[in-house]
K.L.:
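Have a look at this one.
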Amino acid sequence: MAHEHEHDRSAADEASEYDIPAIERKWQGVWDELKPFASGNPEDKRPRKYVLDMFPYPSGDLHMGHAEAYALGDVIARYWRLQGFNVMHPIGWDSFGLPAENAAIKRGIDPRVWTYANIDQQKASMRRYAASFDWDRELHTSDPEYYKWNQWLFLELFKKGLAYRKDSWVNWDPVDQTVLANEQVLPDGTSERSGAIVVKKKKTQWYFKITDYADRLLDDLNQLEGAWPSKVIAMQRNWIGRSVGADVDFEIEGRAEKVTVFTTRPDTLYGATFMVVAPDSDLAAELVAGSTATARMAFQDYLEQVQKSTEIERQDASRPKTGVSLDRFAINPVTGERMPIWVADYVLADYGHGAVMAVPAHDQRDLDFAIKFDLPIRVVVDTNAPITTSIPVLELDENGEAILPDDLPPLDPRSTGTALTGDGRMINSGPIDGLSKTHAIKKIIEQLSAAGNGRAAKTYRLRDWLISRQRYWGTPIPIIHGSDGALLPVSEDQLPILLPPTEGLDLQPKGQSPLGAAEEWVNVPDPRDGSPALRDPDTMDTFVDSSWYFLRFLNPNDETQAFDPRLADKWAPVDQYVGGVTHAILHLLYARFITKVLFDLGYVGFTEPFTALLNQGMVLMEGSAMSKSKGNIVSLSEQLDLHGVDAVRLTMAFAGPPEDDIDWADVAPAASAKFLKRAWRLAGDVTSSPDIEWRTGDQALRRLTHRFLAEGPGLIEAFKFNVLVAKIMELVNATRKAIDTGAGGGDAAVREATEVIAIALSLFAPYTAEEMWQKLGYEPTVALAGWRKADPTLLVEDSVTAIIQVDGKVRDRVTVSPKIGSDELEKLARASAGVVRAVGDREIVNVIVRAPRVVNIATK
RNA sequence: GCCUCUGUAGCUCAGUGGAAGAGCAGAUCCGUCCUAAGGAUAUGGCCGGGGGUUCGAAUCCCUCCAGGGGCACCA
């Protein structure tokens, strides 16, 4: 620090001190005035990019997880701005939902009050955090101006038959007293929100018909390959769970209608020796009703036992098989054999048709069951037979059996206990004998189709999206129930249907929507004839809100439409989406679905909402997720007060690859703060003026600077933020060295490097970067300074070191021109002292030359 | 059980056929009334183990081990 400042430090201007709180205050004001992150100017000629962070639920204050996500998303937004793009980087609030309602109940206040107070608080923290959001686009999903368009969207789906009511078994959360979508139930059978064990209830509810889009949701994942994390793509594929096979109809003795089952292995139909029906299915109840009294009693006992078991128990595949016979029979359509019908809980009521044809020889579950209950087993695929891609021609003996090598294991699943699930050659299967699996499947489907008792079929694990919720703080469903049961859509000019005030309403969860008790609200005239009718009392799943919010950001204040299709053409889909992997299925699947619906309705011209996706990891503390119960919560505001916003943001970016978790115990925000101050000091030590001629500067430092400029964009675009930060550190160290022991503070290369450092740091540490930029003699803002182009002449080295190996070991090295020829390099290598010594009197058998980098001399 | 990702310095990670690297932390020294800021220097590695391919392997192939994630009675 210069001496003259030491005497009047108290009066020193802000710029001569690295006074973090003062710097933060100063630049927030400047940004508010300059609005460098506004993206709404229609005259703006820059190319456009849409960078979106998943919007937060307003829980009260920012936490470490938000801090990581918004730091990383901001790096990308700021980077594209430096590359000359008009970047739309909006933020809003996912402000409907249960936490607000539960908090309101606890405190006896309106959820609105709690929600909007939280938003105010959280917004202040966010502004301090200096994410480069375009605040002009802020939206709240709990505003009537927003949820009006949820209702519009619902009606669009209703008109298309994609929103419908059905009576079905639903997931019921006994704590929050509401139904849940399948996606909101964790694999262990608990609610993702309340943690309660979810139970099944039979209820009539609203669904969105996402299963109509199952194929497109699955197939379009291919477009996202490489642009979305492969983990998320895999999870979505699993979730949709398409199986390809056939439906086969079985005649039932004593029943007029056939029973259809789905199978992925229609080729094994000749080996189907019994049928298994889900115990909790309507089919089982009906079949047993027509059976003997003994069967009915056994079934009743079994059903009760099944219904007592939890979802977790039921999902344990290692559990021994259980079941009872219904004493009814199906007829195998190809063999004509009688097949006993059993019920067993390994068959699920809500998958396929709730019944399976059991092929014990070739399916492990069926085999386990057949062995336990001594049911017939017939092998129909010879898995020992060789497979060819065409119809195989095999050596057969006089009985028509394939001639096999002696050492193959026998085909006897009953004694081995292992089903033969592999490919092979069909046997015991009449007209399809001799075929391989693929051909047999094709042929049997043809035969079944021709006979009218089967057809090709697909089935999915994906279920329709249950969107009704029996709670207050959400979007009212725009449907009126006529006294005759008619479902009457509210006309669009009546929207929004506002939530009634909470006064006089009991929000306490009790299994029925609190809205149903709002007499004045719920009782409406039938739009057809004015007779008494009722509003639908349920509210929508808040995932409806977030399934299209990225479009509302385009013109969040538009009162005439949900979004402007012309703006959607310009800005959407989102170029870069950033958020946690917790939404890998839920939100992302729903948003993809709604986007495809909007495409089909002609509102948007694209079918995928998020072109690229980055999942950031979690912030942990000492190896585990931060939680109140563990008592390991690190307070973000404390960290910000301690180290400054810039240091915390830099730490988030530097800690590792963005998708990895950050353990706050392993990182050093204080070291980041130290580094930032070190970088900041460079700007004060630059004594040249901005118009200095770069070319006169120190060449070594210039080379380093321009190599940095050349590789920076690739690192950012590959999300290797941590690597870029390490490179900035290197550049800072080299510049420091040039100032102290080399070219000095007046050198042009020192100024150039420091400017580049300020620009690069603006991605991670905006306050420090602005401060440096100003010290270097420029007007704000560094955020729009632009990423400089690397000078290609500074990227080529004028000499390189070639290594000389003898038998793979380095024995010498020579400094050569990067353009040296192979012959010349080989000559140099053979003559080198190290090589002569190492080779000695051995014979040289081979010389590999890779000019200009390496020569390897092999000896005998 | 199946699928998938990851094992490189104390920590976080680069490097993905051609000399094992960076940042941070730690160590020592300079500096200082003390502390700190600041600066300098050196240290630190069976590249998870084993086998193979190659003139040459951290890098490619096989196999095993360890850890993370996902799926799992879905016919």
Side-chain angles (χ1 to χ4, degrees), chain A residues 1 18 187 229-239 241-243 245-246 248 261-266 268 272 275-276 278 314-322 344-348 350-359 362-366 368-369 459-462 581 584-585 615 617 651 654-657 659-663 665-668 670-672 674-675 677-678 681 711 715 720-730 732-733 736-737 740-741 801-813 844-850 852-859:
Chain A
M1 190 156 301
Y18 191 67
S230 48
K231 194 165 91 175
V232 174
I233 293 177
M235 284 168 74
Q236 294 228 350
R237 286 202 175 113
N238 277 333
W239 187 260
R242 178 166 66 196
S243 295
V248 183
V261 304
F262 174 76
T263 175
T264 54
R265 293 293 305 272
T268 61
M275 183 181 275
V276 187
R314 178 160 178 163
Q315 281 178 3
D316 178 11
S318 60
R319 204 165 49 106
K321 293 282 176 289
T322 57
D345 66 356
Y346 78 89
V347 173
L348 309 176
D350 59 355
Y351 185 83
H353 303 285
V356 301
M357 64 179 217
V359 186
H362 306 288
D363 181 286
Q364 191 61 48
R365 295 154 302 180
D366 297 341
D368 295 343
F369 195 81
T459 188
Y460 304 87
R461 210 181 84 113
L462 181 70
V581 75
I585 294 171
N615 281 141
T651 303
F654 184 48
E659 58 275 10
D660 286 9
D661 292 342
I662 298 174
D663 194 329
D666 286 342
V667 296
S672 296
K674 206 166 115 182
F675 162 74
K677 186 170 179 186
R678 193 171 141 84
R681 265 192 322 121
E711 61 193 358
L715 291 171
K720 296 185 174 186
F721 310 140
N722 56 324
V723 181
L724 186 73
V725 173
K727 304 264 180 206
I728 299 176
M729 289 171 169
E730 281 181 59
V732 166
N733 288 347
R736 179 81 259 156
K737 200 160 210 165
D740 289 349
T741 62
T801 304
I803 60 154
I804 319 288
Q805 301 174 326
V806 176
D807 295 324
K809 289 201 177 64
V810 178
R811 293 302 187 192
D812 211 339
R813 53 205 64 176
I844 293 175
V845 292
N846 195 7
V847 181
I848 288 98
V849 185
R850 294 283 179 272
R853 315 195 48 192
V854 68
V855 177
N856 190 8
I857 296 170
T859 68

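Chain letters run A, B, ... following the sequence lines, proteins first and then strands; every chain starts at 1. These numbers come from a predicted model, not from an experiment.
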K.L.:
Using the P atom as the point on both nucleotides, what is the distance between B:G49 and B:U8, in whole Å?
P.N.:
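Straight-line distance between the two P atoms is 10 Å.
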K.L.:
What does A:Val347 touch in the nucleic acid at a heavy-atom separation under 4.0 angstrom: a base, only the sugar-phosphate, or nothing?
P.N.:
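Result for A:Val347 = base.
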K.L.:
How many whole angstroms separate atom CD of A:Glu711 from atom P of B:G15?
P.N.:
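Spelled out: CD on A:Glu711 to P on B:G15 is 11 Å.
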K.L.:
Between B:A40 and B:G69, how far is it from one P atom to the other, in whole Å?
P.N.:
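To the nearest whole Å, 42 Å.
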K.L.:
Counting side-chain heavy atoms from C-beta on, which of B:A37, B:C71, B:A19 comes nearest to A:Thr801?
P.N.:
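The answer is B:A19.
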K.L.:
What's the gap between B:C29 and B:G17 when it is taken at their C1' atoms, as a whole Å value?
P.N.:
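Their C1' atoms lie roughly 42 Å apart.
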K.L.:
Residues in side chain to side chain contact (heavy atoms under 4.5 Å, CB included) with A:Asp660, at least two apart?
P.N.:
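Expected list: A:Pro657.
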K.L.:
Round to a whole Å and report the spacing from CZ of A:Arg319 to P of B:A72.
P.N.:
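Atom CZ in A:Arg319 sits about 16 Å away from atom P in B:A72.
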K.L.:
Quote, to the nearest angstrom, the P distance that separates B:U63 from B:C2.
P.N.:
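It comes out at 13 Å once rounded to the nearest Å.
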K.L.:
B:G69, B:A19, B:A75: which one has an atom nearest the side-chain heavy atoms of A:Thr264?
P.N.:
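The closest nucleotide is B:A75.
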K.L.:
Roughly how far apart are A:Trp239 CH2 and A:Arg461 CZ, rounded to 0.5 Å?
P.N.:
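Nearest 0.5 Å value for the CH2-CZ distance: 5.0 Å.
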K.L.:
Checking all strands, does A:Ser672 fall into the base, sugar-phosphate, or nothing category for heavy-atom contacts under 4.0 angstrom?
P.N.:
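Nothing, no nucleic acid heavy atom in range.
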K.L.:
Keeping A:Asp363 on the side-chain end and A:Ala358 on the backbone end, is there a donor-acceptor pair under 3.5 Å?
P.N.:
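No; zero donor-acceptor contacts below 3.5 Å.
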K.L.:
Between atom CZ in A:Phe262 and atom C1' in B:C73, what is the gap in whole Å?
P.N.:
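Value for this atom pair: 16 Å.
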K.L.:
Can you tell me how far P of B:G68 sits from CG of A:Asp661, to the nearest Å?
P.N.:
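After rounding, the gap between these two atoms is 12 Å.
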K.L.:
Figure out the CD1/P separation between A:Ile233 and B:C71, and round it to whole Å.
P.N.:
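Result: 16 Å.
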K.L.:
Could you please name the option among B:G39, B:G23, B:A19 that lies closest to any side-chain atom of A:Arg736?
P.N.:
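Nearest to the side chain of A:Arg736 among the choices is B:G39.
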K.L.:
With a 4.0 Å cut-off on heavy atoms, is A:Asp345 in touch with a base, just the backbone sugar-phosphate, or nothing at all?
P.N.:
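Base contact.
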K.L.:
Would A:Ser672 and A:Thr651 count as having a side-chain donor-acceptor pair, cut-off 3.5 Å?
P.N.:
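On atom types as modelled, these side chains qualify, holding a pair under 3.5 Å.
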K.L.:
May I have the distance from A:Ile803 (atom CD1) to B:G17 (atom P), rounded to whole angstrom?
P.N.:
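Rounding to the nearest Å, CD1 of A:Ile803 and P of B:G17 are 16 Å apart.
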K.L.:
Contact class for A:Arg813 vs. all strands (heavy atom < 4.0 Å): base, sugar-phosphate, or nothing?
P.N.:
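Touches a base.
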K.L.:
Kindly determine whether A:Arg265 and A:Asp366 satisfy salt bridge (Lys or Arg N to Asp or Glu O under 4.0 Å), including the steps that lead there.
P.N.:
CA-CA 13 Å; A:Arg265 293 293 305 272; A:Asp366 297 341; over 6 Å; no
K.L.:
Write down the distance separating the C1' atoms in B:G26 and B:A9, rounded off to the nearest Å.
P.N.:
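Taking atom C1' in both B:G26 and B:A9, they lie 12 Å apart.
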K.L.:
On RNA chain B, nearest-nucleotide positions of A:Asp807 versus A:Asp666: which is more 5'?
P.N.:
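Result of the comparison: A:Asp666.
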K.L.:
Determine the Euclidean distance between corresponding C1' atoms of B:G45 and B:U4; express it in Å to zero decimal places.
P.N.:
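To the nearest whole Å, 29 Å.
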K.L.:
Tell me if the side-chain of A:Gln805 makes a donor-acceptor pair with the base of B:G18, cut-off 3.5 Å, by modelled atom types.
P.N.:
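Checked by distance alone, the answer is yes.
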K.L.:
What about A:Asn846, does its side chain sit under 3.5 Å from the base of B:C55 through a donor-acceptor pair?
P.N.:
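Flag unset: no donor-acceptor pair detected.
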K.L.:
B:C71 C1' sits how many Å from A:Leu462 CG, rounded?
P.N.:
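After rounding, the gap between these two atoms is 16 Å.
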K.L.:
Taking atom types as they are modelled, would you say the side chain of A:Lys720 forms a donor-acceptor pair with the base of B:C13 within the 3.5 Å cutoff?
P.N.:
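No, the side chain and the base share no sub-3.5 Å donor-acceptor pair.
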K.L.:
Given the rule that a pair is Watson-Crick or G-U wobble with both distances under 3.5 Å, how would you write RNA chain B in dot-bracket, using | for pairs to a different strand?
P.N.:
(((((((..((((....[..))))..((((.......))))......(((((..]....))))))))))))....
K.L.:
Consider the side chain of A:Ile848, meaning its heavy atoms from C-beta on, and name the nucleotide among B:C13, B:A75, B:G18 that approaches it most closely.
P.N.:
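Looking only at side-chain atoms, A:Ile848 lies closest to B:G18.
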K.L.:
Holding to side chain to side chain contact (heavy atoms under 4.5 Å, CB included), I want the full list of residues that pass it with A:Arg811, two or more places apart in sequence or in another chain.
P.N.:
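Scan of A:Arg811 (side chain to side chain contact (heavy atoms under 4.5 Å, CB included), adjacent residues dropped) gives A:Val806, A:Lys809, A:Ala838.
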K.L.:
Identify the two heavy atoms, one from A:Thr264 and one from A:Ser243, that lie closest to each other, and give their separation to 0.1 Å.
P.N.:
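Minimum heavy-atom separation between A:Thr264 and A:Ser243: CG2-CB, 3.9 Å.
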K.L.:
Do you see a donor-acceptor pair shorter than 3.5 Å between the side chains of A:Asn733 and A:Arg678?
P.N.:
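Yes.
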K.L.:
Please report the distance separating the P of B:U16 from the corresponding atom of B:G67, rounded so that it comes out in whole Å.
P.N.:
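Each nucleotide's P atom is 29 Å from the other's.
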K.L.:
Which whole-number value in Å describes the distance from A:Arg850 CZ to B:G56 C1'?
P.N.:
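Roughly 10 Å, once rounded to whole Å.
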K.L.:
Listed by chain and number, what are the side-chain hydrogen bond (donor to acceptor under 3.5 Å, both in side chains) partners of A:Asp812, not counting sequence neighbours?
P.N.:
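Scan of A:Asp812 (side-chain hydrogen bond (donor to acceptor under 3.5 Å, both in side chains), adjacent residues dropped) gives A:Ser832.
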K.L.:
Working to the nearest 0.5 Å, report the span between CZ of A:Phe654 and CZ of A:Phe721.
P.N.:
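Here the rounded value is 14.5 Å.
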K.L.:
Any base atoms under 4.0 Å from A:Asn856, or only sugar-phosphate, or nothing? Heavy atoms, all strands.
P.N.:
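It contacts base atoms.
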K.L.:
Contact class for A:Gly656 (heavy atom, under 4.0 Å): base, sugar-phosphate, or nothing?
P.N.:
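Sugar-phosphate contact only.
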K.L.:
Rounding to the closest angstrom, what is the interatomic distance between B:A57 and B:G15 at atom C1'?
P.N.:
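The same atom, C1', in both gives a distance of 14 Å.
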K.L.:
Taking side chain to side chain contact (heavy atoms under 4.5 Å, CB included) as the test, write out the residues that go with A:Val855, two or more places apart.
P.N.:
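In terms of side chain to side chain contact (heavy atoms under 4.5 Å, CB included), with neighbours along the sequence ignored, A:Val855 is linked to A:Ile804, A:Leu825, A:Ala829, A:Val847, A:Val849, A:Ile857.
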K.L.:
From the set B:C13, B:A72, B:G39, return the single nucleotide nearest to any side-chain atom of A:Asn722.
P.N.:
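Closest nucleotide to the A:Asn722 side chain: B:C13.
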K.L.:
Report the nucleotide, chosen from B:A22, B:A19, B:A75, that has the shortest atom-to-atom distance to any side-chain atom of A:Glu730.
P.N.:
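For the A:Glu730 side chain, the nearest candidate turns out to be B:A22.
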K.L.:
To the nearest 0.5 Å, how far apart are NE2 in A:His362 and OG1 in A:Thr268?
P.N.:
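Output value for this atom pair is 6.5 Å.
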K.L.:
Which nucleotides of nucleotides 24-31 of chain B have their base under 4.0 Å from a protein heavy atom (B), which only their sugar-phosphate (S), and which neither (-), written as one string 5' to 3'?
P.N.:
SS------
K.L.:
Counting only distance, no hydrogens or angles, is the base of B:G18 paired donor-acceptor with the side chain of A:Arg853 under 3.5 Å?
P.N.:
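Checked by distance alone, the answer is no.
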